[in-house]
Amino acid sequence: MAASDVHHGGGATPAASVVVPCVTLNSGHAMPVLGFGTGSSTPPADLAATIARAVRLGYRHLDTAAVYGTEGAVGAAVAEAVRGGAVASRGELFVTTKLSMADAHPPRVVAALRESLSRLGLDYVDLFLIHWPVAIGKKDAAAAGELTWDDLSRRLVPFDMEGVWRGMEECHRLGLARSIGVSNFSATKMSRLLALAAVPPAVNQVEMNVGWRQEKVREACGERGVVVAAYSPLGAHGAHWGSDAVMNSGVLHDVAATRGKTIAQVALRWVYEQGVCMVARSFNEGRMKQNMDIFDWELTDQDKAMIAGVPQRRACRGDYFVSPDGPYKSLHDLWDGEI
């Protein structure tokens, strides 16, 4: 994402104090560089109201997924935002959802998106992503919601990248998804996909933060005009698989103290300065506001040099997709050596 690709989003923002910049995707559509994440094992009881509050604060990109179980809340929030005047129309919001592993089979892709749209109460999504390059066996897919992570590793089948991508392209052709892309694809898998795609992926959403910089993925995507979006830009601190490499970083603490910013603001600003979009999740209104306050200041060269020394470790390793009898027999296989 080059600096020249970033522009300020248009449309009415009557209650918003911050306008989030947008990047133009290779599909020609504009995507706000900061998204509001809704994936959580402990979402608030009033999640729809929380998301609607985020829209009033200025968030215009809402990120969900079939496996999150939050599509209904996102849809309700979109309806409330339009009804309450936070936005003039649904077109001012950018909604992302993702194909589940249970539906990562060529015949299921279009039907799965239609089901997501029904839960969202929308005619289209702005971005539809393959959540993981992973597929659950068809006989197990109906019970996928009841599977434990331990069960999952024993029920995986080879992922038909080309067949599933043809389904994604059909979603795009039908107008059900304005842009299509992937998530958790290594640089190697991106190269394979780009070689076979008739409609290229617009986005690869991957774990990325100061503690996992994803240089190979960013290089592979940048060469082909694919936007990288970071999930867990704050390290998913507190999640069962998360890392404290960001929020408990002594380096970020020192930079934040010097700059009069929060650690989260420094971490998000660093991601933005890499030319990467991001999805940040907080259901606390104060932190929701703080996470948006990253666009009118810059890190110094000294700040960036300090941050460059933060140790690197992937937090979301995907161990549950590895099995001696499955398609990925090691983490090396899953990530193509990018571990």
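Because the structure is predicted, anything quoted here is derived from the model rather than measured. The basis for the numbers below is simple: all heavy atoms, side chains too, and nothing from hydrogens, waters or symmetry mates.
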State plainly whether the residues E215 and R218 are in salt-bridge range, i.e. N to O under 4.0 Å.
-> no
Ignoring hydrogens and angles, state whether a donor on the side chain of Q205 or N184 is under 3.5 Å from an acceptor on the partner side chain.
-> no
What about W212 and W335, are their ring centers closer than 6.0 Å?
-> no
If only atom types and distance count, is the side chain of N26 paired as donor or acceptor with the main-chain N or O of P201 below 3.5 Å?
-> yes
Those residues that, when tested against F185, pass ring pair (Phe, Tyr, Trp, His ring centres under 6.0 Å) (two or more places apart) | none
T96 and H61 side chains, donor-acceptor separation under 3.5 Å = yes
Say whether, by atom type as modelled, one donor and one acceptor occur between the side chain of Q274 and the main chain of W270 under 3.5 angstrom.
-> yes
Quick one: CG on L127 to CZ on R178, what's the gap to the nearest 0.5 Å?
-> 12.5 Å
Backbone N or O of I136 within a donor-acceptor pair of the H105 side chain at under 3.5 Å?
-> yes
Spacing of R269 atom CZ and W297 atom CH2 [to the nearest 0.5 Å] = 6.5 Å
Euclidean distance, L176 CG relative to R114 CZ, rounded to 0.5 Å | 5.0 Å
Indicate yes or no for a side-chain donor-acceptor contact from Q312 to the backbone of V310 under 3.5 Å, with no hydrogens or angles considered.
-> yes
Would a distance-only check, ignoring hydrogens and angles, find a side-chain to backbone donor-acceptor pair under 3.5 Å from Q265 to T262?
-> yes
Between the side chains of D336 and T188, is a donor N or O closer than 3.5 angstrom to an acceptor N or O?
-> no
Heavy-atom donor-acceptor pair, R313 side chain to G211 backbone, under 3.5 Å = no
E298 backbone acceptor or donor facing R259 side chain under 3.5 Å = yes
Does D46 reach the main-chain N or O of A49 with its side chain, forming a donor-acceptor pair under 3.5 Å?
-> no
Checking E207 side chain against S232 main chain: does a donor-acceptor pair fall under 3.5 Å?
-> no
Could you list the residues that satisfy side chain to side chain contact (heavy atoms under 4.5 Å, CB included) with T258, not counting sequence neighbours?
-> none
Output, in order, the C-alpha distance, side-chain angles, deciding distance and verdict of side-chain hydrogen bond (donor to acceptor under 3.5 Å, both in side chains) for T97 and T64.
-> CA-CA 5 Å; T97 195; T64 184; 4.8 Å; no
Verify the neighbour count for atom CZ of R90: are there more than 12 heavy atoms of other residues, nucleotides or ligands below 6.0 Å?
-> yes
Is the backbone of K189 close enough, under 3.5 Å, to the side chain of S186 for a donor and an acceptor to pair up by distance?
-> yes
Give, for atom CD1 of I180 and atom NE2 of H172, the distance between the pair rounded to the nearest 0.5 Å.
-> 6.0 Å
Members other than V67 in its cluster, when Ile, Leu, Val, Met, Phe, Trp, Tyr link by side-chain heavy atoms under 4.5 Å?
-> Y68
